[in-house]
Amino acid sequence: MAKGDKNVEAITARDVDFAQWYTDVVKKAGLVEYSSVKGCVILLPFGYALWEQIKDELDARFKATGHENVYFPMFIPESLLQREKDHIEGFAPEVAWVTHGGDEELEERLCIRPTSEVLFCEYFANAIQSHRDLPKKYNQWCSVVRWEKSTRPFLRTREFLWQEGHTAHATQDEADAQTLMMLHLYADFAEDYLAVPVLRGRKTDKEKFAGAKETLTIESMMHDGKALQMGTSHNFGDGFAKAFDITYTDKDNKLQHVWQTSWGLTARLIGGIIMAHGDDNGLVLPPKIAPIQVAIIPIASHKEGVKEKAYEIENLLSKNFRVKLDVSDRTPGWKFAEYEMKGVPVRIEIGPKDIEQGQAVLVRRDNREKVTIRLENIEQAVHNALQELHISLFETARQNRRNRTKEVFRVDELRETLDESAGFAKAMWCGDRACEDRVKEEATATSRLMPFKQMPIGDTCFVCGKPADKLVVWGRAY
RNA sequence: CUGGGUGUAGCGUAGCUUGGUAGCGCGCCAGCAUGGGGUGCUGGAGGUCGAAGGUUCAAAUCCUUUCACCCAGACCA
């Protein structure tokens with residue numbers, strides 16, 4: 001152990017114990033604190049800032065595609081929740097109930113929304129009369145509650161922040177197009193903004209949303225090879241419309257049911273970013289969502305001109321980047337480690353020797369290489385470093401996915417493959433639910449998705465051997 | 001919900017078997033020096049042992065219940 005290391009509260013090495021590493025990073029990077037209620041966490045400023053970055057960007061994209069924000073209540077009367085049979089069956093086991101107001105027992109208990117489909121449906125049934133009232137394209141940012149049995153920060157909490165979009169359309173085609181559009185919006189966001197490569201496709205009936213006709217999904221792979229669902233877009237067809245009697249009068253004065261979609265994405269994404277990009281030194285944040293993109297660390301700041309130069313650089317870079325200049329009296333080494341733990345993409349070191357030479361030291365978070373740059377080029381150098389870092393994160397994650405994706409032709413082969421090393425496995429499937437259940441039992445794997453881009457690797461089901469035309473990606477998921 | 005583990009100062013821990021009201025390291029505060037990878041020295045402050053109940057003259061220590069956290073499952077975003 002090197003001198004000084006006794007002060008380091010080291011995190012568990014990523015490849016030694018991934019689960020423990022994750023917990024360490026979440027705590028040491030100052031993202032969350034546990035509360036006194038199981039599965040409910042406090043999002044600390046830095047953790048919440050990540051959510052704000054995600055929220056702001058997505059919100060802008062939603063608005064650019066014609067959606068409006070609304071806010072619906074958090075309580076749902078039990079009778080309302082029960083209107084759609086599959087929906088209630090899917091959610092009943094994990095809803096939290098409010099039974100009392102003060103000391104008085106309520107006549108009808110209220111559930112705390114696990115999702116708000118039924119509330120939107122109730123409203124739509126009332127608000128939609130004519131084809132002129134369509135489409136309705138609503139979104140809300142809120143938290144929902146699901147009484148999960150096992151919990152962990154970001155990945156599975158009992159209360160979590162999310163966004164839920166709810167739309168109603170005049171035609172099936174419109175609803176189909178909406179479902180697909182939102183999925184691609186999510187996918188583009190994940191790749192362009194979070195630098196997390198995703199697979200786009202459809203869920204099997206077994207895995208689709210309770211009450212949906214079809215669920216589209218984006219699936220990503222974490223560094224340890226396990227899968228994480230990053231967002232889903234559901235096509236309801238006219239199922240909910242019929243259950244809630246949501247009708248409109250069309251141009252020919254005929255009564256029609258509407259066609260609906262819903263789509264959602266949660267603060268779980270933050271867990272995805274951590275597990276996709278993080279390393280043994282902590283978080284590694286994709287530049288576009290990093291609350292701090294550049295940390296400026298003055299060296300020997302008591303010396304003549306150092307602070308002044310540091311402020312100068314801060315002012316200059318602040319025009320185009322999110323910058324943090326740390327003039328606290330902690331030592332440079334402490335600051336280096338701290339901002340690395342927090343995943344800050346680029347660090348600028350500026351000290352007396354640099355100033356003499358008209359230069360600064362730039363360090364990229366992912367490779368931690370120190371590069372000397374000319375002060376007059378600093379904006380360009382930071383810009384380039386951020387851009388290269390994004391590409392590098394994306395490519396590294398994609399390479400990991402490539403390395404961990406196999407093709408399998410028997411269920412026992414799937415099990416062996418995943419036991420040896422977690423990852424994705426492609427296999428042909430006949431479409432039979434029984435086969436999917438067998439995969440779960442015998443290989444403890446679930447179907448992640450049926451990619452839009454189907455590239456068959458055979459023509460028989462890897463479970464039952466009957467003719468099969470569906471390529472499914474299987475894996476073990478968070 | 002099942003199985004295993006843990007809970008003592010902000011963090012990490014010793015003490016628990018063989019009851020006698022807490023010790024260490026880091027961090028924190030003050031000062032001086034230092035400053036290019038978690039800086040050094042000196043001096044301080046901070047806990048009543050997750051919570052509740054019980055046994056006892058006496059409980060961090062023994063018993064019961066309960067809550068939370070971690071790991072692996074089952075369930076799920």
Side-chain angles (χ1 to χ4, degrees), chain A residues 1-12 17-24 26-28 30 32-41 90-95 114-115 143-164 186 203 206-207 209-210 215 217-219 227-232 234 262-272 281-282 297-303 306 327-341 347-355 359-361 363 368 370 372 440-441 444 446 476-478:
Chain A
M1 200 178 258
K3 190 183 173 194
D5 275 5
K6 64 183 175 183
N7 296 329
V8 180
E9 293 173 34
I11 58 175
T12 307
D17 184 343
F18 195 74
Q20 195 60 54
W21 167 85
Y22 177 82
T23 308
D24 287 352
V26 161
K27 287 294 301 282
K28 301 247 165 80
V32 302
E33 189 57 66
Y34 292 106
S35 76
S36 54
V37 179
K38 178 180 169 62
C40 297
V41 295
F91 283 101
E94 54 178 356
V95 295
T115 180
S143 72
V144 292
V145 170
R146 298 181 189 178
W147 218 250
E148 301 290 351
K149 306 202 160 148
S150 79
T151 59
R152 57 172 40 169
F154 294 120
L155 299 177
R156 180 157 297 105
T157 48
R158 284 182 173 173
E159 180 186 9
F160 57 93
L161 293 170
W162 82 343
Q163 149 281 312
E164 53 179 322
Y186 283 161
K203 286 286 189 192
K206 178 181 161 85
E207 299 288 332
F209 180 83
T215 291
T217 181
I218 52 173
E219 297 282 327
L228 188 74
Q229 179 177 306
M230 303 274 286
T232 45
H234 315 293
S262 85
W263 24 279
L265 160 163
T266 81
R268 160 185 273 192
L269 280 192
I270 296 168
N281 296 302
I297 313 296
I299 310 295
S301 59
H302 60 291
K303 296 233 172 99
V306 173
V327 292
S328 71
D329 60 1
R330 317 215 80 127
T331 62
W334 189 93
K335 292 174 186 174
F336 296 165
E338 177 68 9
Y339 291 103
E340 279 173 11
M341 181 64 74
R347 173 172 84 236
I348 300 287
E349 302 173 18
I350 181 81
K353 293 179 218 157
D354 297 313
I355 294 169
Q359 64 189 35
V361 173
V363 186
R368 301 167 82 218
K370 299 199 175 194
T372 303
K440 175 81 200 229
E441 270 170 49
T444 61
T446 52
R476 290 172 183 158
Y478 275 102

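Computed from a predicted model, the values in this text were never measured in an experiment. Below, chain A is the first sequence line, B the second, and so on; all start at residue 1.
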- prompt: Among B/rG36, B/rG37, B/rG38, which is the nearest nucleotide to the side chain of A/Arg347?
  reply: B/rG37
message: On a heavy-atom basis, which atom in A/Ile348 and which in A/Ala360 lie closest, and how many Å separate them?
response: CG2-CB, 4.1 Å
- prompt: For the pair made of CG in A/Asp329 and C1' in B/rU34, what is the distance, rounded to whole Å?
  reply: 12 Å
query: Can A/Gln359 and A/Thr372 be counted as having a side-chain donor-acceptor contact under 3.5 angstrom?
result: no
message: Ignoring hydrogens and geometry beyond distance, is the side chain of A/Ser150 in donor-acceptor contact with the base of B/rA74 at under 3.5 Å?
response: yes
task: Please figure out whether A/Gly39 or A/Pro93 has its closest RNA chain B nucleotide nearer the 5' end.
output: A/Gly39
task: Answer yes or no: does a side-chain N or O of A/Lys440 lie under 4.0 Å from OP1 or OP2 of B/rC75?
output: yes
Distance, P atom - from B/rC76 to B/rU64, rounded to whole angstrom: 36 Å
Residues A/Ser150 and A/Arg156: side-chain donor-acceptor under 3.5 angstrom: no
query: Does the base of B/rG36 carry an N or O that pairs as donor and acceptor with the side chain of A/Lys353 under 3.5 Å?
result: yes
message: Strictly below 4.0 Å: does A/Arg152 bring a side-chain N or O up to OP1 or OP2 of B/rA72?
response: yes
statement: A/Val361 has its side chain closest, among B/rC76, B/rG36, B/rG37, to B/rG36
task: For B/rC71, take OP1 and OP2 only and decide whether either is under 4.0 Å from a side-chain N or O of A/Thr23.
output: yes
- prompt: Under a 4.5 Å cut-off applied to non-hydrogen side-chain atoms, are A/Arg347 and A/Arg368 in contact?
  reply: no
message: Of the options B/rG38, B/rG37, B/rC70, whose atoms approach the side-chain atoms of A/Glu338 most closely?
response: B/rG38
- request: For B/rA52 versus B/rU42, give the span between their C1' atoms, rounded off to a whole number of Å.
  value: 45 Å
- line: From the candidates B/rG36, B/rC75, B/rG38, the one with an atom nearest any side-chain atom of A/Arg156 is B/rC75
- prompt: Can you tell which of B/rC76, B/rG38, B/rG35 lies closest to the side chain of A/Glu94?
  reply: B/rC76
Evaluation steps, side-chain contact (heavy atoms from CB on, under 4.5 Å), between A/Val306 and A/Ile299: CA-CA 7 Å; A/Val306 173; A/Ile299 310 295; 5.8 Å; no
task: Determine: side-chain N/O of A/Arg330 to OP1/OP2 of B/rU34, distance under 4.0 Å, yes or no.
output: no
query: Are A/Tyr339 and A/Ile297 side-chain neighbours, meaning at least one heavy-atom pair lies under 4.5 Å?
result: yes
- request: Can you tell me, in whole Å, how much space there is between the C1' of B/rU56 and that of B/rG19?
  value: 9 Å
- request: Select one nucleotide: of B/rA72, B/rG38, B/rA74, the one nearest the side-chain heavy atoms of A/Thr444.
  value: B/rA74
query: Tell me, do A/Thr23 and A/Arg152 make a side-chain contact under 4.5 Å, heavy atoms counted?
result: no
query: With no angle test and no hydrogens, is the base of B/rG37 tied to the side chain of A/Lys370 by a donor-acceptor pair under 3.5 Å?
result: yes
- prompt: Between B/rU39, B/rG35, B/rG37, which one does the side chain of A/Ile299 approach most closely?
  reply: B/rG35
- line: Considering only heavy side-chain atoms of A/Lys38, the closest of B/rG37, B/rC69, B/rA74 is B/rC69
task: For salt bridge (Lys or Arg N to Asp or Glu O under 4.0 Å), just list the numbers for A/Glu338 and A/Arg330, CA-CA rounded to whole Å, side-chain angles, deciding distance to a tenth of an Å, and then say yes or no.
output: CA-CA 10 Å; A/Glu338 177 68 9; A/Arg330 317 215 80 127; over 6 Å; no
- request: Write down the distance between NE2 (A/His302) and C1' (B/rC32), rounded to a whole number of angstrom.
  value: 14 Å
task: From the options B/rU39, B/rC70, B/rG36, select the nucleotide whose nearest atom is closest to the side chain of A/Gln20.
output: B/rC70
- request: With heavy atoms under 4.0 Å as the rule, sort A/Tyr34 into base, sugar-phosphate or nothing.
  value: sugar-phosphate
- request: Check the distance between B/rC26's C1' and A/Lys28's NZ and give it to me in whole angstrom.
  value: 12 Å
- line: Whole-Å distance, A/Lys203 NZ to B/rC76 P, equals 11 Å
message: If you define the side chain from C-beta out and look only at heavy atoms, does anything of A/Trp263 sit under 4.5 Å from A/Phe209?
response: no
- line: Pairing string of RNA chain B (Watson-Crick or G-U wobble, both atom distances under 3.5 Å; | = paired to other strand) is ((((((((.[[[[.)....(..]]]].((((((.....)))))).....[[[[[..)....]]]]])))))))....
